[in-house]
Each structure stands twice: as C-alpha cells, then as structure tokens.
Amino acid sequence: MSSMHLSQLRKWMLESPPVEWAIHRLREMLIGALRQGPMPQHVAFVMDGNRRFARSHHIETVEGHNLGFEALARILEVCYKSGVKVVTVYAFSIENFKRSKYEVDALMDMAKIKLSQLSQHGELLQRYGACIRVLGQRELVKPDVLKAVDKAVELTKDNGDCILNICFPYTSRDEITSAIKTTVDEYSKPLSTHARPFSQTRITQKIRSRNLSTSPLRATSPTPSNNSDNDETMSSTTTLHGESPNNGSEGSIYPDPETITAETLESHLLTAGDPPLDLLVRTSGVKRLSDFMLWQCHETTEVVFLDCLWPEFDLWQFLPVILEWQWKQKHVEEKALGNGMMKPKTKVR
C-alpha cells in the first residue's frame, strides 16, 4: 500500500468518532497530570517550518501558514489549560518584509482574518480570559491590517487571566533599541523642582565632595572656594546635557544617569510587566533565536529546539518538553533547598 493511501487511512481512523473521543479524553488526562507539577508562567514559540511543511506536502505556501495558525490555536489551549499565564509567539519578523510581495501580502491578509477569528468568533481566548497584545513596529503595518490589530486588542482588553503576545512585525534588536531611545529621552527631560526639591545627583555630589575633602589625597590641596560644590554640580549638568540658551531652564535638575539599571531598560521593553521567560521553543530543527527575545532569555530560561515543523506541533511534541522542564525545575528546587546552590545557566539542547 502506498504512503498516500496509508496517510489517508490514518487520517480516516483518527477522525472517526470513537477514536476522536478516546484521543480527547487522553489529552485531557495528560493536561490534568501536567497541572499537578510546576508549570512555566511564560512560554515563547518561534513558529518555524510553515513553508517547508507546504513544500514537503506539495501545497501552497499560504496554506502552510494557515495550518501553522491552526497549530497555534491547538497549543494555546494546551498552554492555558495547563496553567501557563503568558504565551509569546514570533508571528512576523521585520526581516520578513524582504520576502516576495505575494507572500507578504498573503500573510498580512491572513493576519487580519485570524486576529478577527481569535478575538471575535473563537471561544478560546474568552474561555481562558486571555487578552491579545501585539508587539512590534506599528508604522510598518498597512492601515487595514492595523485596524484589525487594534480591534482584536480592544475586544480582549478586559480579559486579565492570561496574555497572548503576538510579535508582529518584530525583532529583538529593534525592541532593545527602542527601549534605549525611550530611556535616553526620559533621562534628558528635567525633573520638576516641585516634585523633587532635593536632587539625588546633587546629594551624591555633595557626599563625594566631602569625602574627597577629608581624604589624604586632598589634605595638602588648596582649600576650595565656597562655590566649588555649585561649580561641580553645574559642570556635571553641562557635561551630560550640553549648553542651552537661557530660556528659563537654567539650573534645571536632570535624572542621574548613574541610576540607569537593567531594570530601567526592562521597564521600557514591549514585554514590560510580564513574568520572566521560563521556556523558549523553536520548531523545524533550526538552532538559532533569529533575533527573538534576546533580552528576555535570562540565565534560567530553558531553550529547546525541536525537529518537527510548526504545523505538526501539538501536545504530543510539547508534552516531553514540559515534563523535562518540570523534572529539572523540581531537581533545582530540591538542591537549592538542600545546600543553597545557585540557579542553573541557560540550557540549550
């Protein structure tokens, strides 16, 4: 019997009512078993392999992307039902605009339809109280697609139990660059003197000045003039923010750039407020991040590369990943409780 006939027979058997019922019950039991252990709170997916799946099955590329959306719907239900709170998916890279116009336009049209289905007609997000957030460069999206994006976000904005982050169009470098620009802009604006009667910068410089004046290195130095502290403060402000015309802002107090931390930049990322990324999964066998969630992949993020193509991805491929994550998490927690070991570094396999 040819492989085509075997495939059709297998499909027919799987779609028969008794087999469908049995598979559904088995899925529910497995998902229930997963909930008994620790679950990652934030999972990200690089949905790779739609085009290769289409080529290998001799179908149109657009149909491959359509099947990829169906795989997303399946895995979202698995995630939310098993206790995952935030799912982030790499739907469209800024680099994808370099593809053929036909494919880009088809993807944009499909995005409009699928976003509408997810937010309006589908029960999935409402059932689990999930809201849609679209992360990326809005100005690169066509107006009609942007309208569908805003509608999907608006319709699900009151759902507060779970989050679906759709990165579209997005690259991590662009996200980090935007966060840096926002931070620079924030720290370039003078603070309100009414809100901040005492400048942290000025207090810090006063303390440094006093420490220097009492140190052995300054013991033999000439006594500074009475205006030295003011001169140091003003020169520091001039160095950081440049000279500006006398327009009433002379002597303005600016935020101290020394207070910028990793958390400062993190607060300006598109994923600000989300729990740390616990698990990142990429399908298709390609072992790279492709400019996705570079900042969010911290020292305890588990990064997993699977050989299956995204349209094939389901509970059966995801289950071993979660079980291994749970086993490692339990093992790490036991060791940490036992002898206070440090958190593990990022695991890639």
Side-chain angles (χ1 to χ4, degrees), residues 11 14-17 19-50 53 63-91 110-111 113-135 152-153 155-168 274-275 277-284 302 304 306 308-326:
K11 184 179 179 181
L14 291 176
E15 291 178 352
S16 62
V19 175
E20 275 191 341
W21 180 86
I23 292 176
H24 176 73
R25 294 304 303 167
L26 179 59
R27 286 171 62 94
E28 293 299 311
M29 289 175 59
L30 290 172
I31 292 173
L34 288 178
R35 290 184 64 92
Q36 302 308 309
M39 284 298 296
Q41 294 301 288
H42 188 176
V43 178
F45 296 102
V46 180
M47 305 183 294
D48 194 20
N50 292 339
F53 183 87
E63 183 60 24
H65 290 300
N66 192 49
L67 293 172
F69 173 81
E70 293 179 9
L72 172 61
R74 291 195 303 267
I75 207 63
L76 281 178
E77 183 161 23
V78 172
C79 288
Y80 293 145
K81 189 175 288 187
S82 59
V84 177
K85 295 300 182 183
V86 180
V87 177
T88 302
V89 296
Y90 203 3
M110 187 172 65
I113 297 170
K114 299 307 181 183
L115 280 171
S116 176
Q117 289 177 353
L118 268 177
S119 57
Q120 253 182 328
H121 308 296
E123 300 176 356
L124 179 64
L125 298 182
Q126 298 300 331
R127 189 187 316 145
Y128 297 105
C131 66
I132 293 176
R133 297 194 314 182
V134 180
L135 315 181
V153 172
L155 287 172
T156 61
K157 69 177 183 179
D158 294 327
N159 297 341
D161 296 331
C162 301
I163 295 172
L164 171 59
N165 289 326
I166 303 176
C167 296
F168 172 89
D274 290 346
L277 182 62
D278 297 309
L279 179 64
L280 187 147
V281 179
R282 177 170 187 155
T283 55
S284 82
E302 185 84 8
V304 180
L306 300 176
C308 68
L309 302 177
W310 179 253
E312 302 166 334
F313 191 60
D314 198 355
L315 171 65
W316 315 111
Q317 288 79 25
F318 193 43
L319 182 64
V321 175
I322 293 294
L323 289 175
E324 184 171 350
W325 185 89
Q326 288 181 334

S.K.: Using the six-membered ring wherever Trp is involved, compare the ring planes of Y128 and Y80 and label them parallel, tilted or perpendicular (cut-offs 30° and 60°).
M.R.: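 Tilted, since the angle between the ring planes falls between 30° and 60°.
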
S.K.: Any side-chain to backbone donor/acceptor pair from Q36 onto G32? Under 3.5 Å, distance only.
M.R.: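 At least one qualifying donor-acceptor pair exists.
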
S.K.: Report the C-alpha distance between K81 and L315 in whole Å, list the side-chain angles of each, state the deciding distance to 0.1 Å, and finish with yes or no for side-chain contact (heavy atoms from CB on, under 4.5 Å).
M.R.: CA-CA 12 Å; K81 189 175 288 187; L315 171 65; over 6 Å; no

S.K.: Are any side-chain N or O atoms of R133 and backbone N or O atoms of T88, one a donor and one an acceptor, separated by less than 3.5 Å?
M.R.: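 Not at all, since once roles are kept as given, no pair shorter than 3.5 Å links the two residues.
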
S.K.: Rounded to the nearest 0.5 Å, what separation is found between the CZ atom of F318 and the CG atom of L323?
M.R.: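 With rounding to 0.5 Å, CZ (F318) is 10.0 Å from CG (L323).
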
S.K.: Side chains of V78 and R27: does their closest heavy-atom pair fall under 4.5 Å?
M.R.: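 SC-SC contact between V78 and R27 confirmed.
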
S.K.: Using modelled atom types and a 3.5 Å cut-off, is there a donor and acceptor pairing between side-chain atoms of N159 and backbone atoms of G129?
M.R.: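 Checked: no pair found.
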
S.K.: Do I31 and L319 have side chains that approach each other closer than 4.5 Å (heavy atoms only, starting at C-beta)?
M.R.: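 A side-chain contact is absent here, since even the closest heavy-atom pair is not under 4.5 Å.
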
S.K.: Output the distance between atom CD (Q126) and atom CG (L155), rounded to the nearest 0.5 Å.
M.R.: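 Q126 atom CD to L155 atom CG measures 8.0 Å (nearest 0.5 Å).
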
S.K.: The test is side-chain contact (heavy atoms from CB on, under 4.5 Å); show your working for Q41 and D274 and say whether it passes.
M.R.: CA-CA 9 Å; Q41 294 301 288; D274 290 346; over 6 Å; no

S.K.: Hey, could you give me the CD1/CZ distance between I75 and F313, rounded to the nearest 0.5 Å?
M.R.: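 The CZ atom of F313 is 4.5 Å from CD1 of I75, to the nearest 0.5 Å.
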
S.K.: Would you please test L164 and L118 for side-chain contact (heavy atoms from CB on, under 4.5 Å) and show each step?
M.R.: CA-CA 11 Å; L164 171 59; L118 268 177; 4.1 Å; yes

S.K.: Can you find a heavy atom in the side chain of V84 that is under 4.5 Å from one in the side chain of C162?
M.R.: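 Counting from C-beta outward, V84 and C162 never come under 4.5 Å.
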
S.K.: Heavy-atom distance under 4.5 Å between the side chains of F45 and C79, does that happen here?
M.R.: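 Counting from C-beta outward, F45 and C79 do come under 4.5 Å.
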
S.K.: Keeping E302 on the side-chain end and L279 on the backbone end, is there a donor-acceptor pair under 3.5 Å?
M.R.: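 No; judged by distance alone, with no hydrogens or angles, the pair does not exist.
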
S.K.: Looking at G68, is its backbone amide N or carbonyl O close enough to the side chain of W310 to form a donor-acceptor pair, meaning the two atoms are under 3.5 Å apart?
M.R.: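 Yes; judged by distance alone, with no hydrogens or angles, the pair exists.
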
S.K.: I'd like to know if the side chain of T283 and the backbone of L306 have a donor-acceptor N/O pair within less than 3.5 Å.
M.R.: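 Answer holds: no.
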
S.K.: With rounding to the nearest 0.5 angstrom, report the CG to CD1 distance, L125 to I132.
M.R.: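 Going from CG on L125 over to CD1 on I132, the span is 5.0 Å.
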
S.K.: Do the side chains of F53 and S284 get nearer than 4.5 Å, heavy atoms only?
M.R.: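 Counting from C-beta outward, S284 and F53 never come under 4.5 Å.
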
S.K.: Could you state the interatomic distance from CZ (F69) to CG (L115), rounded to the nearest 0.5 Å?
M.R.: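 Result: 8.0 Å between the selected atoms.
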
S.K.: Please walk me through it: do N50 and L67 pass side-chain contact (heavy atoms from CB on, under 4.5 Å)?
M.R.: CA-CA 8 Å; N50 292 339; L67 293 172; over 6 Å; no

S.K.: Considering non-hydrogen atoms only, spot the tightest contact between A130 and T156 and give its length.
M.R.: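 Minimum heavy-atom separation between A130 and T156: O-CB, 3.9 Å.
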
S.K.: Taking Q317 for its side chain and D314 for its backbone only, find out whether a donor-acceptor pair lies under 3.5 Å.
M.R.: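 Indeed, once roles are kept as given, a pair shorter than 3.5 Å links the two residues.
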
S.K.: Determine whether K114 and N66 make a side-chain contact, defined as any pair of heavy atoms from C-beta on separated by less than 4.5 Å.
M.R.: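 When only atoms from C-beta onward are counted, N66 and K114 do touch, with a gap below 4.5 Å.
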
S.K.: Just so I know, are the side chains of W316 and L30 near enough to count as touching, which here means a heavy-atom distance under 4.5 Å?
M.R.: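 SC-SC contact between W316 and L30 confirmed.
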
